[in-house]
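Below: the structure, in structure tokens.
A note on names: the letters A, B, ... follow the listed sequences, proteins ahead of strands, and every chain is numbered from 1. Here the structure is a predicted model, which means the values were calculated and not measured.
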Number of protein chains: 2
Amino acid sequence: MTDLQQPGFSQCNNATLRRTARRLGRFYDEALAPSGLKGTQFGLLFQISVGSEPAMGAIAEALIMDLSALGHTLKPLVRDGYVETFPDKDDRRVKRVRLTPSGQAKLDEAIKLWSVAQRQFEAMVGAERAAKLRATLDEVAALNLELPAAASSG
Amino acid sequence: MTDLQQPGFSQCNNATLRRTARRLGRFYDEALAPSGLKGTQFGLLFQISVGSEPAMGAIAEALIMDLSALGHTLKPLVRDGYVETFPDKDDRRVKRVRLTPSGQAKLDEAIKLWSVAQRQFEAMVGAERAAKLRATLDEVAALNLELPAAASSG
DNA sequence: CGCCGAAAGTGGCACATGCCACTAATTGAA
DNA sequence: TTCAATTAGTGGCATGTGCCACTTTCGGCG
């Protein structure tokens with residue numbers, strides 16, 4: 001047996017997922033490189049663009065991302081002028097986010113690059129299977145996962 | 001066609017994958033928390049344990065991880081005494097890695113915690129489906145993804 | 001043997017993420 | 001109205017990941 005990462009190097013669902021995410025992330029990043037955006041930034045810009053000046057909390061929830069992590073991730077995009085924030089009219093705690101014209105243009109540019117990677121991926125995997133995989137992943141992401149209450153002492 | 005976000009908030013395979021990875025990562029991290037290890041560290045320790053004093057390059061390849069990223073990820077584990085490195089006997093460029101007794105003990109401890117999360121996940125998704133999902137993810141990770149050579153100038 | 005190019009790691013830099021402690025603004029109740 | 005609890009974000013800290021520029025070794029050639 002030639003060791004190495006046998007079929008399914010690990011039974012761990014989490015490890016397998018992360019491993020594939022690294023692989024795919026590099027591929028999409030490579031495709032997006034000419035735009036200067038990373039895959040994560042592209043996804044974030046896209047999410048903002050489809051929302052109606054979403055609040056940070058709403059974005060974080062949609063992306064299943066920690067709110068503070070979102071704040072950090074947003075910084076480079078604000079710095080580069082792709083995104084701007086402003087306080088909600090009725091609740092000053094709420095910070096809303098929108099694309100700047102420059103950000104919209106950058107997103108349009110990135111979408112073209114993204115499409116190449118997306119098509120390539122679907123050509124390899126099959127659009128049908130890719131859709132099914134995304135559906136499964138969305139389903140998993142929506143699970144109400146909870147650790148069994150550790151029966152303390154009982 | 002109005003759809004767009006919600007159901008499958010994005011058509012992007014990469015974004016969907018990362019999103020689910022964040023979700024699952026938090027779940028496994030929560031389960032592993034008592035051990036002080038993160039899901040990534042657990043996966044790394046495990047990978048090292050199943051290898052024969054693997055070289056860094058071999059680990060990076062198995063995990064589809066950038067070699068320098070692996071180096072960074074390894075640091076906390078070395079610092080905490082779970083892992084140690086040593087030069088290969090025949091090739092001084094190669095750095096090999098192994099668990100320390102403390103690291104093996106920590107891994108054993110973590111495996112118990114991991115099992116809880118793993119079982120819980122499989123109970124929700126179904127062991128069969130989970131296995132199929134991992135197989136699909138492994139398959140995707142193994143794809144020889146390449147951007148179509150941008151036909152520059154005619 | 002001496003040189004060149006490939007291979008394996010390292011370090012620095014930037015961004016991705018999460019948790020925790022803290023601040024500010026709101027809401028609900030006495 | 002006033003104060004406790006809640007909600008939305010921020011900042012700091014630690015780790016995860018990748019890319020790039022280097023440095024050290026190896027291996028192959030002339």
Which part of the nucleic acid does [X] contact within heavy-atom distance under 4.0 Å: base, sugar-phosphate only, or nothing?
X        : value
Asp91(A) : sugar-phosphate
Arg96(B) : nothing
Arg79(B) : sugar-phosphate

Can you tell me if [X] touches the phosphate of [N], counting only side-chain N or O atoms and a distance under 4.0 Å to OP1 or OP2?
X        : N       : answer
Arg93(B) : dG27(D) : no
Arg22(A) : dT17(D) : yes
Arg26(A) : dC19(D) : yes
Gln41(B) : dG16(D) : yes

Indicate yes or no: does Glu53(A) engage Lys89(A) in a salt bridge with an N to O separation below 4.0 Å.
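Here Glu53(A) does not pair with Lys89(A) in a salt bridge, since their nearest N and O are not under 4.0 Å apart.
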Could you check whether Asp138(A) pairs with Arg19(B) (Lys NZ or Arg NE/NH1/NH2 to Asp/Glu carboxylate O, under 4.0 Å)?
yes
hydrophobic_cluster_shared for Phe46(A) and Val116(A), side chain cutoff 4.5 Å
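Unlinked, Val116(A) and Phe46(A) end up in two clusters.
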Leu44(B) and Phe86(B): same hydrophobic cluster, using ILVMFWY side-chain contacts below 4.5 Å?
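No, separate clusters.
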Along DNA chain C (nearest heavy atom to each residue), the more 5'-positioned of Arg92(A) and Asp66(A):
Asp66(A)
To the nearest angstrom, how far is [X] atom [atom1] from [N] atom [atom2]?
X        : N       : atom1 : atom2 : value
Ile64(B) : dG16(D) : CD1   : C1'   : 16 Å
His72(A) : dA14(D) : NE2   : P     : 14 Å
Glu30(A) : dC19(D) : CD    : C1'   : 12 Å
Ile59(A) : dA8(D)  : CD1   : P     : 14 Å
Met65(A) : dA8(D)  : CE    : P     : 18 Å
Leu67(A) : dG9(D)  : CG    : C1'   : 6 Å
Asp80(B) : dA14(D) : CG    : C1'   : 11 Å
Leu32(A) : dC19(D) : CG    : P     : 13 Å

Any non-hydrogen side-chain atom of [X] less than 4.5 Å from a side-chain atom of [Y]?
X        : Y         : value
Leu37(A) : Glu109(A) : no
Asn13(B) : Tyr28(A)  : yes
Leu74(B) : Met56(B)  : yes

Heavy-atom nearest nucleotide on DNA chain D for Ala58(A) versus Ala69(B): which residue maps closer to 5'?
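Per heavy-atom nearest nucleotide, the more 5' residue is Ala58(A).
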Of Thr40(B) and Ser68(A), whose nearest nucleotide on DNA chain D comes first from the 5' end?
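Nearest-nucleotide comparison on DNA chain D picks Ser68(A).
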Along DNA chain C, first and last positions that approach a heavy atom of chain A under 4.0 Å:
dC15(C) to dT26(C)
Atom CD of residue position Glu61(A) - does it have more than 12 heavy atoms of other residues, nucleotides or ligands inside 6.0 Å?
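Open: at most 12 neighbouring heavy atoms sit under 6.0 Å from CD of Glu61(A).
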